[in-house]
Structure formats: structure tokens, C-alpha cells
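Just so it is clear, the values below take in all heavy atoms, side chains as well, and ignore hydrogens, waters and symmetry mates. In this chain, residues are counted from 1 in sequence order. Small disclaimer: the values here were computed from a predicted structure and weren't measured.
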Amino acid sequence: MKDVREEYHAEGLSEANLHTDPVEQARRWVDEAIEAGLPLPNAMTLATVSADGQPSSRVVLLKGIEGGGFTFFTHYDSRKGEEIAVNPKVSFTMFWQPFDRQMIVIGEAHKVDQQESDSYFASRPYASQISAAISPQSRPASRAWLEDEVARLEQAFPSAPVPRPAQWGGYRIVAHEIQFWHGRPSRLHDRFRYQRQEDGSWLRERLAP
């Protein structure tokens, strides 16, 4: 691994290229990744922290940028859900390798309202509704048991919509810090940090790479 090297060739990032609102800048980068057809352009590595201070991380999918925050959906009784319940402070990172871009968001996650969760759940493919409804996410389960549960629920609900389980829904992460990183040759990268001020405005500054 010591010999693995990756040179970055991006043209660079300047304050003139950045939106004054980092949430809108984040939307631009996600939209550009989607429009470019990058694989999993909305994948984000979400980090949460347990009550005893142990961090954990996993990849989830960003499903919206609205209400001043970043929305994803999951099981509330999963490990991440239980950790958010006791400590809503979270962080996530998105990396788009072909663009040499990385974004880091730090903030707090809170549940969206039930209507929003219902609406998104109903928009999912039928098979995804079934698997979400039967999964005791983060708990031990055999493959045979999971497949039996899928068959049982498919029999009970042979077509969409499947009722949204109470333990499944959305979170919105409202940021107090957002960083934008752009790879540059010789590791002299461009990096900007936005920090939310008490009056709701954003302080922007360049950081050393």
C-alpha cells in the first residue's frame, strides 16, 4: 500500500467559484456528479457516535437537499439510529474521484416528519419496500429467515404500496460546518471551510490542505 500513488489534476477551486451558501454549493456538486453519470453519485459515508463515545461509520445514500439540510432514510432502530437518538451530532463525507472532489458536512441529525417518510417510502420500488419492512437492521439474522419473511410479507401485500414500518424513516442533517476539497497536483490541494455564525450567516475561509 505504501507504493500506491494517485496524482490529482483538477484545475482548482477558488472563492470566486463557490456559492456564498454552502448548502447550495453542495447541491451543485451533487447535481454535477449525477449529471456526469458517476457511479453512486449520492453515496455518503455517515459517521455517528455511541453514548460511550465509540464512533462508527457506513455508506448511506443522500436522498435530498432541502429545508437547509441533507436528507437520508434508514431504520430508526439500526445502530446509526440508536446512536443518533442519544447523540444527534454526526458527520458525513462524499468523494467524487473522477472530479477530485471531496465534501465534509458536520452537524446534527433529526427525524423528518412522518408525512415525508411516508411519501418517500411509497416512492421506493416494491421489492425495496418489502426488504425494508422485514429487516431488523443491524441485528443478527439468517439468510433463510430473511427470505421467509420476504415471502410472508409478499403474500400479505402482493403489490405496492407496502405500509411503512414505524421503525423506518428519514433524518435531515442540518450543518454547522461544511468543507469543500479539490485535489491539486503535488498535494497542494484547495480546501475551503464554511462555519455557521450565530446570526445564521456563513464564515468562509481557505484551509491548508
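For Q197, the CD atom counts as densely surrounded, since its 6.0 Å shell holds more than 12 non-hydrogen atoms of other residues, nucleotides or ligands. Within a 6.0 Å sphere centred on CD of E205, heavy atoms belonging to other residues, nucleotides or ligands number more than 12.
At distances below 3.5 Å, at least one donor-acceptor pair connects side-chain atoms of R172 with backbone N or O atoms of E66. Using a distance-only test at 3.5 Å, with no hydrogens or angles considered, no donor-acceptor pair links the side chain of E154 to the main chain of I130. Side chain of S131 to main chain of S128: a donor-acceptor pair is present (N/O by atom type, distance under 3.5 Å, no hydrogens or angles). Judged by distance alone, with hydrogens and angles left aside, the side-chain atoms of Q25 form a donor-acceptor pair with the main-chain N or O of H19 at under 3.5 Å. At distances below 3.5 Å, at least one donor-acceptor pair connects side-chain atoms of S91 with backbone N or O atoms of V105. When atom types are taken as modelled, the side chain of W181 and the backbone of H189 share no donor-acceptor pair closer than 3.5 angstrom. In this structure, the side chain of D31 does not engage the main chain of R28 through any donor-acceptor pair within 3.5 Å.
S78 places none of its side-chain heavy atoms less than 4.5 Å from the side chain of T48. No side-chain heavy atom of F70 sits under 4.5 Å from any side-chain heavy atom of V174. For the pair H110/P88, a side-chain contact is recorded, criterion being any heavy-atom separation below 4.5 Å from C-beta on. Counting heavy atoms from C-beta outward, F157 and P163 have side chains that approach closer than 4.5 Å. Side-chain contact between P136 and W145: present, with at least one pair of heavy atoms (C-beta onward) separated by less than 4.5 Å. Residues F92 and T45 fail the side-chain proximity criterion, which asks for heavy atoms closer than 4.5 Å.
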### Task
Output, in order, the C-alpha distance, side-chain angles, deciding distance and verdict of side chain to side chain contact (heavy atoms under 4.5 Å, CB included) for R206 and F192.
CA-CA 4 Å; R206 179 184 282 271; F192 289 90; 3.2 Å; yes
### Criterion side chain to side chain contact (heavy atoms under 4.5 Å, CB included) on I178 and Q195, from CA distance to verdict
CA-CA 7 Å; I178 303 179; Q195 291 181 302; over 6 Å; no
### Message
Show, in sequence, the C-alpha distance, side-chain angles and deciding distance for E177 and R196, and conclude whether the side chain to side chain contact (heavy atoms under 4.5 Å, CB included) test is met.
### Response
CA-CA 6 Å; E177 178 178 327; R196 190 188 296 273; over 6 Å; no
### Message
For a side chain to side chain contact (heavy atoms under 4.5 Å, CB included) check, start with the C-alpha distance between L153 and V162, then their side-chain angles and the critical distance, and finish with the verdict.
### Response
CA-CA 9 Å; L153 202 59; V162 175; 4.1 Å; yes
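A salt bridge is defined here as a Lys NZ or Arg NE, NH1 or NH2 lying under 4.0 Å from an Asp or Glu carboxylate O, and R204 with E15 meets this definition. Using a 4.0 Å cut-off between a side-chain N of Lys or Arg and a carboxylate O of Asp or Glu, K89 and E108 do not qualify as a salt bridge. In this structure, K80 does not pair ionically with E83, as no charged nitrogen and carboxylate oxygen lie closer than 4.0 Å. The residues R139 and E82 are annotated as salt-bridged, a charged nitrogen and a carboxylate oxygen being separated by less than 4.0 angstrom. Between D100 and R184, none of the side-chain N atoms (NZ, or NE/NH1/NH2) sits under 4.0 Å from a carboxylate O, so this pair counts as no salt bridge. Under the 4.0 Å criterion applied to side-chain N and carboxylate O atoms, E147 and R143 are assigned as salt-bridge partners.
L38 is connected to M103 through a chain of hydrophobic side-chain contacts under 4.5 Å among Ile, Leu, Val, Met, Phe, Trp and Tyr, so both are in one cluster. Under the 4.5 Å side-chain heavy-atom criterion for Ile, Leu, Val, Met, Phe, Trp and Tyr, I173 and V112 are members of distinct hydrophobic clusters. Cluster membership check: I84 does not share its hydrophobic cluster with V86, using side-chain heavy-atom separations under 4.5 Å among Ile, Leu, Val, Met, Phe, Trp and Tyr.
Using modelled atom types, one finds a donor on one side chain and an acceptor on the other under 3.5 Å when comparing H75 with Q137. Judged by distance alone, the side chains of Q114 and E116 never bring a donor and an acceptor atom under 3.5 Å apart.
Applying the side chain to side chain contact (heavy atoms under 4.5 Å, CB included) rule to Q54 yields the partners S50, D52, R79; only residues at least two apart in sequence or on another chain are considered. E198 pairs by the salt bridge (charged side-chain N to carboxylate O under 4.0 Å, His left out) definition with nothing, not counting sequence neighbours. Every residue two or more places apart in sequence or in another chain that forms a ring pair (Phe, Tyr, Trp, His ring centres under 6.0 Å) with F180 is listed here: W29, Y194.
One distance of note links CG of L40 with CG of L61; it measures 6.5 Å at 0.5 Å rounding. The line from CG of D21 to OG of S201 is 11.0 Å long, rounded to the nearest 0.5 Å. To the nearest 0.5 Å, atom OG of residue S56 and atom CG of residue L46 are 8.0 Å apart.
A cation-pi arrangement is present between K111 and Y76, with the terminal nitrogen or guanidinium carbon under 6.0 Å from the aromatic centre and inside a 45° cone about the axis.
Under the 30°/60° scheme for interplanar angles, the aromatic rings of W168 and F73 are found to lie parallel.
Nearest heavy atom pair, residue L13 against residue D190, reads N-OD2, 2.7 Å. Across Y126 and A160, no two heavy atoms sit closer than the pair CD1-N, 3.5 Å.
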